[in-house]
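First the structure, in the form of structure tokens, and then the observations on it.
Worth saying up front: this structure is predicted, and the values here are computed from it rather than measured. The analysis underlying the following values was restricted to heavy atoms, covering all of them including side chains, and did not include hydrogens, waters or symmetry mates. So you know, we letter chains A, B, ... as the sequences are listed, proteins then strands, and number each from 1.
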Amino acid sequence: MQKEVVDSMALKRALTRITYEIIEQNKGIRDVVLVGIKTRGVYIAERIAERLQQLEDAQIPVGELDITAFRDDQPLNAALAPTDYQLEFGVADKRVILIDDVLFTGRTIRAALDALMGGGRPQSISLAVLVDRGHRELPIRADFIGKNIPTARQERIKVSMAEIDGHDGIEIINDN
Amino acid sequence: MADRYLILEDGSAYLGEGFGSPAVSTGEIVFNTSMTGYQEIITNQIYHNQIIAFTQPTIGSYGINHDSYESILPTVKGVVVRDVASISTNRQRRWSLDQYLKQQNIPGISHIDTRHLAKKLRVSGPMKASIVDVADAHAFDQLGATVLTNQQVAAVATPKPFPNPGTGLNVVVIDFGLKHGILRELSKRACNVTVLPYTATTEEIINLDPDGVVLSTGPGKPQDLPDSVLEMIQNIQNRIPLFAIGLGHELFAMANGAQIMKLSPEHHGANHPIREVITNQIIYASQGQGYAVDPETIDRNKLITTFVDLIDGTIQGLRYRDFPAFSVQFFPDGAPGPTDALDIFDEFVESMQQARGPIW
Amino acid sequence: MSNVALQKVLIIGAGHNDIGREGQHDAAITQIGSAIRKLGIAVIFVDNNPFSVAAENNFADKVYLEPLTVSSLSKIIAAEQPDGLIPSLGGIQRINLIQGLIRNNVLKNNHVQLLQWDTDMIDLIVNPALMSNRLKALGQPVIASQVVASQAEADQVVSRVGFPVIVKSVAPRIEASRQLCEDEEDLARALEMGFKVSATKQCIVEQSIVGYKEIEFIGLRDCKGTSLLITGMENFDPVGIHSADSIVFVPTQTITDQEYQQFRQATLEIMQALHIIGPCHVQFALDPTTQNYYVIKVTPYFDRAMALAARATGYPLATISANLIAGVSLAEVKLPNNYRKQTALIEPVLDHIVCRIPVWPFNVLKKVSHQLDTVMESTGAVLGVGRSTEEALLKGLRATDESKYHVIVNQPQTYSEGELIQRLIHPQAGRMLDLLEALNRGYQIDELAELTKIDAFYFYKLSHIIEIEKALREHPFDVHALGRAKYFGFTDEDAAVAWQSSPAKVSQFGLENEIHPTFKEIEPTAGEFTEQTNTYYSTYEYDNESQRLAGDRVVVIGSGANRIGTNHGNDYLVSQLLFYLKKADYQPILINANPNSVAMTPQLAVKRYVEPKQVSDVLNVLAIEKPSMIFTTYHDQQLGRQLMNLGYRVIQIDNSLPQAQLKTNDQPAVEVISDGKDVTIFGISEIIAGNNLRTDVHGSISVFPLQDKAENQAIAALMPEIKRRVLSDGKPGVYTVRLTIIDATLRLASVEPMSIAKMALISKASGSSVTRLLLHVKLGESLEQVMYDYPDIAKIRKIFVQANTFPYNQLQIFGDEITGEPGHATGTVIAHGATLRDALIALKAGNEQTDF
């Protein structure tokens, strides 16, 4: 069973609000860099960067992180061992905004923090997510949240983005 | 119907036919190019003390509907049209425009070359005008001598708080002559609303523990309001999510150091493209403004321009950089006009929810 | 900026004119073609309509007069290798063709991009059931309907939703096959017809919403997703009467802002969801008692409603659409500097009222049922523009040129009470008089609104018209009565009838008392900005905006409503006249009230008056413009004579049709031009019988040029006689000299003005406009000056053939009224080939179902 809980308009608004909140909390966009977690986190980061550019007329660096190799809940696999630092820019003294689509257990974010470590000591790292669905297993919380969606553990959240899914929206899927 | 005249400050007189109230009346004349929604326009308090000329030639064709009021008592000074429609009043039990204006003691005048009038006003800007029975020297003298009040907000805003109960977020609306559309949209989103007079103090507002504050639309020149209003805004905006509309937007800009300029000609209609800066999207919305924020005076370290009118270049939206306080010049509730901007109310609700934090 | 990949685009024309297919497509193509060329993109145009203006005069880079079939288009696409195909300019028939091109992978194999739409749009248009499901998925209310392939399935649907139901054909091969069925008998008949014209042998049966208000909205969207509303319009007649057969008002007259915004939002949401680029027409049915609505049709291709929206608002819809199609966004569109910057982005607002009134063919085809229903029967339409509903309506009725519409001279009616009620419930063409009659007989407005489902608002307006007229009758030569009557749309002629006087006397009286007409511009901002559309309408107010043009002004009287027969090619003639007058440095000014007319294209006349053609209306324009000449065409001979009597220089172009159908086989005619002193031959034509083409052909076929040596020699021998006969009339012009064979010798039979169809045929065959030549001899130039660059017909290595098309199937005409005479034609098709046989094969291709 699927239920759309956020439509394209609301998704657009959530991104707009997160963008404004990034400006609010960082007192502007100086030193801000965006780091999207693959796959949809990257698209979200790019859309936020576009919005920041519209408002502030400045290019914000957007990096991509593939954290499959860093996850502690995956069996260790030699082929997927943590590789070198992935970003094209360093994060020393930057205000890093880490961006993902859904915040669930927190393990992805922990892995992403590990992946950032090779890039120097950032001024700060904050977290922006489109959806916070609860059920945290680690002491992690988001600074910017598009939508809080209370879920049951067995439910899934499906974020669709036009770039890859053809349309924008968020659905709750219950496989039972 | 009786011959009447519309006379203007520039000495011109237009012969027409009276309808509505036979009263003689004086106000500032503006033209509105909206294609629909005469009832909403006439009852919008932003037109307090003004005479509205409609460019849409037939006005009144569907009468007066119980769900299209934007205020309880209209306070316009006159309605100028090319043609006023007769309608069937017994079948659908509604008033005709003529009957309604009679009840409200508002004169109307039809058979006016409203296109010529609009072309004149687009050059001259608003002028004083009267609807009179005789266009003689005396009438022009009277018109010239009339001094229009600058206490419009005091005349139309509620003197006492009143509730508009709901089961959701707690919202305080500061009334400068509010448009019912604002309450309608907050009601649709289940907000529990308390409307306070524009003289409300910061303390009075804070005591209600609101999730958000709305500064309403209203008539007149923002500089005519007491400085205490600006102080209140300065005290509130960094503590509670704030959403300001129309006159409220102008006051929000002033509270943050911007200056307000007279817009000539005034702009009243619903067909200008408005660009949302952050998404680069173009929307259409109802607009009614005689003033605009002077873009040169915006402190860019404080305020971000969020919406711009692509036709006249006016600022249509602002946002404080450091906290969720934002404003729009246009009327996002429509009524009348496009519904493209309705979701700004959702944005406000989501800002309030965000400020409260997650519910678990 | 624009889509850089686009260097060459293909436009498929609408084919021959027909009911529902007047000049609106060609008008759009002329404008869109030239706007796209301005963006540096080459335009390839294919059509088989000899009256296409777009196919002449450099509106396209290359024109193919070829059959509109998948195979013919495949060849053109293979040869031209266009980058894109514009699918929206040829009407519904071309959508089927594009579906064929897609299915045969022609677009894919040649890397042709389908512009404006997603590929699945084609299926949505062709199959209403798919569209209906798609709309439902978008959350739009649609009428309960089901596809059926048999009577039994249809019966099941009816048992569920009950009568009345509407039956529509799936993938119909003709337009407008919606049938309202009240009972079993209607249903059986509608299904039979529906299955027959369906490409898939299926019909849709749906719940009826007859009696609802019919509202039409036109939106516009660009590739970035910016969209805006062009206008809303309202049908005077309720759902149940085809919207082309209904009187339509722009803007909407009786709906509230809440209803209006609901439709605006629905229109833009549908366009967004379907990714439509360019304009889109959405029709709604509104339940007047509950505000509930249904979406009844989504039309993303150019149609009559878009033409009306463009004419009514003054918004340069075609030019802007061309930019959007080429990938330019609304914010980037650059318009000529007579428009304010960013006009493309301003939602049009009106300070005038436009009324579109249909014109029916019943004066010619007398046996057709006059009952109005869901099948379109009107052949054309006219506009009335004014500053009040009354004025727009009266001017529109006047512009139909039907004297029976004249409110003043047509009262009272003689039919019985019972018949009147029947007419009110079962509306007939020209029902306006019935409504006025009912009001005159004292029917109450609310009662009439209930009976007819027409909003009471309109009955108040009609009562007001009756009131004004009564006051006029009762007060002869009263300034106030005349002033008021004119203010609401009456004319000198009306007052003359009411006062039993003459229009001249009334006019004199009006002028003496300072009752002056004023002209106002039709522009899209209601006076908020300066927008120069150079298109005006008259009213009686304070301010006049139309100033006399500088230069040598020539007024051309337009063709008015499209009708069958006499004037179906007239609009082409008028357009060509305007084009060549402008080329010859005249300032052509058009008077025309036809919304679908190509002549209304802004590139043609320098100024347009959307006005009826009654003498006083025309005189009002002439008083402003003081032209050196006036051109009239066949339909306006009488008007021309009246103007001549008033001292104007009038050039009448007589292109009347021969009364009888010429079926004689193999009898040639000589096509000539004369300057009044000398005669030159264009070439030889021939009329051959329709059965040379197909068995069920009603009309005949024109062939040009005939290259038979022996015949040419025989004709050369007749030349002195031909010359004598043509010159005996003395008038410069183009003529058809018919020959006949008596006792095995060729003899001269008759001389008649050349028909417009023949002018078009010769123009297309020679590649040189006959209208241009005609214009110049009419202007008094000699043949030497005019014909100097005329191509040598003997060198044309092709044969062109042309056949008229008829509305018999559409109007369900049977029996002896089917004569195939030119007077019944609604359109004409042209084709060519190396031999007559090849040409006839080309004519037949794609026209298997055409009513020739």
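- Heavy atoms only, all atoms of each residue included: B/Asn271 and C/Glu528 are closest at OD1-OE1, 4.1 Å.
- Here the shortest heavy-atom pairing between C/Ala526 and B/Arg115 reads C-NH1, 3.9 Å.
- A side-chain hydrogen bond (donor to acceptor under 3.5 Å, both in side chains) check over residues 335-344 of chain B, counting only residues at least two apart or in different chains, returns the pairs A/Arg13-B/Asp343, B/Thr339-C/Gln265, B/Asp340-C/Arg264.
- Within the 4.5 angstrom heavy-atom criterion, only side-chain atoms of C/Glu390, from C-beta onward, approach chain B.
- Of the inter-residue distances, the one linking C/Glu259 atom CD with B/Asn65 atom CG reads 8.0 Å to the nearest 0.5 angstrom.
- Residue C/His464 does not touch chain B at all, counting heavy-atom pairs closer than 4.5 Å.
- Neither the backbone nor the side chain of C/Ile445 comes within contact range of chain B; no heavy atoms are under 4.5 Å apart.
- Between B/His111 and C/Phe488, the gap from one ring centroid to the other is short of 6.0 Å.
- Using non-hydrogen atoms only and a strict 4.5 Å limit, the part of residues 215-232 of chain C facing chain B consists of C/Thr226, C/Ser227, C/Leu228.
- Between chain C and the residues B/Arg82, B/His267, B/Met35, the largest count of heavy-atom pairs under 4.5 Å involves B/Arg82.
- In this structure, B/Pro273 and C/Gln342 have side chains that are not in contact, with every pair of non-hydrogen atoms separated by 4.5 Å or more.
- Contact annotation for B/Asn280: neither backbone nor side-chain heavy atoms come within less than 4.5 Å of a heavy atom of chain C.
- With rounding to the nearest 0.5 Å, the separation of NE2 in C/His352 from OG1 in B/Thr55 is 11.0 Å.
- The two atoms that bring B/Tyr284 and C/Leu345 nearest to each other are OH-O, 2.5 Å, heavy atoms only.
- More than 12 heavy atoms of other shown residues, nucleotides or ligands fall within 6.0 angstrom of atom CD in C/Glu447.
- Smallest separation of non-hydrogen atoms from B/Lys119 and C/Asp543: NZ-OD2, 3.5 Å.
- The minimum heavy-atom distance linking C/Phe529 with B/Ile311 is given by the pair CZ-CG2, 3.3 Å.
- The OG1 atom of B/Thr36 sits 12.0 Å away from atom CD of C/Gln253, with the distance rounded to the nearest 0.5 Å.
- Interface residue B/Ile112: only backbone heavy atoms are found under 4.5 Å from chain C.
- If you measure heavy-atom distances from B/Gln281 to chain C, you find no contacts under 4.5 Å at all.
- If you measure heavy-atom distances from C/Gln262 to chain B, you find no contacts under 4.5 Å at all.
- Other residues, nucleotides and ligands contribute over 12 non-hydrogen atoms within 6.0 Å of the NZ atom of B/Lys262.
- Using a distance-only test at 3.5 Å, with no hydrogens or angles considered, a donor-acceptor pair links the side chain of B/Asp113 to the main chain of C/Tyr542.
- Of the possible polar contacts, none joining the C/Arg387 side chain to the B/Pro57 backbone as a donor-acceptor pair under 3.5 Å is found.
- Within a 6.0 Å radius of NZ in C/Lys470, other residues, nucleotides and ligands contribute 12 heavy atoms or fewer.
- Of all the listed residues (B/Asp67, B/Leu15, B/Leu117), the one sharing the greatest number of non-hydrogen pairs under 4.5 Å with chain C is B/Asp67.
- Within the 4.5 angstrom heavy-atom criterion, atoms from both the backbone and the side chain of C/Tyr487 approach chain B.
- Heavy atoms of B/Ser68 lying under 4.5 Å from chain C belong to its backbone as well as its side chain.
- Only the side chain of C/Tyr260 comes within contact range of chain B, with heavy atoms under 4.5 Å apart.
- In this structure, C/Thr256 and B/Gln39 have side chains that are not in contact, with every pair of non-hydrogen atoms separated by 4.5 Å or more.
- For a residue to count as touching a neighbouring chain, one of its non-hydrogen atoms must lie under 4.5 Å from one of that chain's; by this rule C/Glu521 touches chain B with backbone and side chain alike.
- The number of heavy-atom neighbours closer than 6.0 Å to CG of C/Asn337, taken from other residues, nucleotides and ligands shown, is 12 or below.
- Taking each heavy atom of C/Ala331 and B/Ile282 in turn, the nearest pair found is CB-CD1, 4.4 Å.
- Expressed to the nearest 0.5 Å, how far CD1 of C/Ile353 lies from CD of B/Gln56 amounts to 6.5 Å.
- Looking only at side-chain heavy atoms (C-beta outward), C/Thr525 and B/Thr33 stay at 4.5 Å or farther from each other.
- Separating the CG atom in C/Asp257 from the OH atom in B/Tyr38 is a distance of 10.5 Å, to the nearest 0.5 Å.
- Of the inter-residue distances, the one linking B/Ser286 atom OG with C/Gln261 atom CD reads 8.5 Å to the nearest 0.5 angstrom.
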